[in-house]
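Following: one structure in structure tokens, then a few remarks.
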Amino acid sequence: MTILDVTPLDNPVWGALSGAQAGFAEVHGRAARFAAGISPFHGLADAADPAVWDDLAALKPAGPVLVPAGPDDPPAGWAVTSINRGVQLVGFAVRPVEDPEATLLTGDDVPEMLDLVERTRPGPFGPRTVELGRYLGLRRDGKLVAMAGERMHLTGFTEVSAVCTDPAYRGHGFAGRLVGAVTAGIVARGETPFLHAAIGNATAIRLYEKLGFSVRRPVNFHQYERVQA
């Protein structure tokens, strides 16, 4: 299998919500989204089919709809309000290493996790995101200063997400250590890790490549809103 053959990763949100993470999904026809407080991501079975967008509208989005790998030109009744350009990386050659200092984060740690996310902006993270998988953190003087964890789960693949470090503690290798520890759990289950990074975040991409990830494809995160057709 080559990195381009991993077609389930072409549409990871729909794959997760129609499969392993269906218990976290709100679904109408061939459109789905994570339940409130988990993630703003929406998945479409086939974004090229206008009927799927009717299914998405039936979910009655109260605000912006975030669709990874969505189209630049959506059907009538929808408008693109922002595009965050990124890349998808797959860890066929990762070197997983458990970290004895990393602690398992739970619902009790959510206030600290949300505070760290607010200061570091690693991407969408809500009060229930921790329910999606194994999140690990590093502390200094009792304070959570770095974390990483598992977000989307597909058959055979798990996404590494929320990789972030307090600005005051950057340069100590915490991100690499935590990604290694998170991927250790993924690989131990016989799965392959993957992740996403902003295309302009060259530092993060270099780190992930050093850890054994390879860029698979560009992935743009489109935000849409309903408009009058």
Side-chain angles (χ1 to χ4, degrees), residues 7-89 110 113-114 117-133 149-155 157-164 194-201 216-229:
T7 53
L9 298 186
D10 288 346
N11 195 359
V13 180
W14 176 253
L17 293 177
S18 63
Q21 292 179 311
F24 295 106
E26 296 176 359
V27 183
H28 186 93
R30 296 197 297 154
R33 66 183 174 201
F34 283 98
I38 296 177
S39 170
F41 289 154
H42 292 61
L44 306 177
D46 180 3
D49 182 355
V52 173
W53 291 81
D54 293 336
D55 289 338
L56 179 60
L59 286 172
K60 300 186 185 304
V65 171
L66 191 59
V67 180
D72 287 347
D73 186 18
W78 295 89
V80 176
T81 55
S82 70
I83 301 176
N84 291 316
R85 304 197 181 278
V87 292
Q88 183 185 80
L89 301 96
V110 166
M113 298 170 79
L114 291 173
V117 165
E118 179 65 25
R119 290 182 284 112
T120 57
R121 304 290 184 177
F125 189 92
R128 294 185 56 199
T129 306
V130 70
E131 298 174 24
L132 295 179
E150 302 172 359
R151 185 168 60 187
M152 287 187 278
H153 295 256
L154 297 82
T155 301
F157 298 90
T158 292
E159 181 195 28
V160 179
S161 184
V163 181
C164 55
F194 71 103
L195 49 75
H196 297 94
I199 200 165
N201 194 346
R216 177 175 179 263
R217 57 175 296 210
V219 174
N220 296 328
F221 291 76
H222 290 73
Q223 183 173 283
Y224 304 96
E225 286 187 353
R226 291 281 286 160
V227 296
Q228 292 294 325

Taking the six-membered ring for Trp, is the centroid-to-centroid distance between Phe221 and His196 below 6.0 Å? yes
If you draw a 6.0 Å radius around CG in Asp72, do more than 12 non-hydrogen atoms from other residues or ligands fall strictly inside? yes
Can you name the closest pair of heavy atoms from Met152 and Phe194 and give their distance? O-CE2, 4.2 Å
Exactly one candidate in His222, His42, Gln223 meets side-chain contact (heavy atoms from CB on, under 4.5 Å) with Val65; the answer is His42
Test log, rule side chain to side chain contact (heavy atoms under 4.5 Å, CB included), inputs Phe125 and Leu114: CA-CA 7 Å; Phe125 189 92; Leu114 291 173; 3.8 Å; yes
I'd like to check Pro12 versus Leu154 (side-chain heavy atoms, cut-off strictly below 4.5 Å). Are they in contact? yes
How about Val117 and Pro122: do any of their side-chain heavy atoms sit closer than 4.5 Å? yes
Where Val219 and Ala69 come nearest, the two heavy atoms and their spacing: CG1-N, 4.0 Å
Show your working on side chain to side chain contact (heavy atoms under 4.5 Å, CB included) between Leu89 and Val87 and close with a plain yes or no. CA-CA 6 Å; Leu89 301 96; Val87 292; 3.8 Å; yes
Check Asp46, Asp54, Asp49 against Arg30 for a side-chain hydrogen bond (donor to acceptor under 3.5 Å, both in side chains) and give me the one that passes. Asp49
What one should report as the nearest heavy-atom pair of Ala36 and Glu26 is N-OE2, 4.1 Å
With distance as the sole criterion, is a donor-acceptor pair present between the side chains of Arg217 and Gln88 under 3.5 Å? no
Minimum side-chain heavy-atom gap Pro124-Arg151 below 4.5 Å: yes
If every non-hydrogen atom of Arg226 is compared with every non-hydrogen atom of Pro61, which pair is closest and at what distance? CG-CG, 4.4 Å
Gln21 side chain to Val13 main-chain N or O, any donor-acceptor pair under 3.5 Å? no
Within the distance-only criterion (no hydrogens, no angle test), does the side chain of Asn11 pair as donor or acceptor with the backbone N or O of Leu44 below 3.5 angstrom? yes
Calculate, to the nearest 0.5 Å, the distance between atoms SG and CD belonging to Cys164 and Glu118 respectively. 11.5 Å
Side chain to side chain contact (heavy atoms under 4.5 Å, CB included) assessment of Tyr224 paired with Val67: CA-CA 8 Å; Tyr224 304 96; Val67 180; 3.7 Å; yes
CD-OG distance between Glu131 and Ser39, expressed to the nearest 0.5 angstrom: 12.5 Å
Supply the atom-to-atom distance Thr158 OG1 to Glu150 CD, rounded to the nearest 0.5 angstrom. 5.5 Å
What heavy-atom pair brings Trp14 and Gly29 nearest, and what distance separates the two atoms? CH2-O, 4.0 Å
Just wondering, do Trp78 and Pro71 contact through their side chains at under 4.5 Å, heavy atoms? no
How long is the gap from CG on Asn220 to CZ on Arg85, to the nearest 0.5 Å? 4.5 Å
Starting from the C-alpha separation in whole Å, work towards a yes-or-no answer on side chain to side chain contact (heavy atoms under 4.5 Å, CB included) for Thr129 and Phe34. CA-CA 10 Å; Thr129 306; Phe34 283 98; over 6 Å; no
Between Arg33 and Phe41, is any pair of side-chain heavy atoms under 4.5 Å apart? no
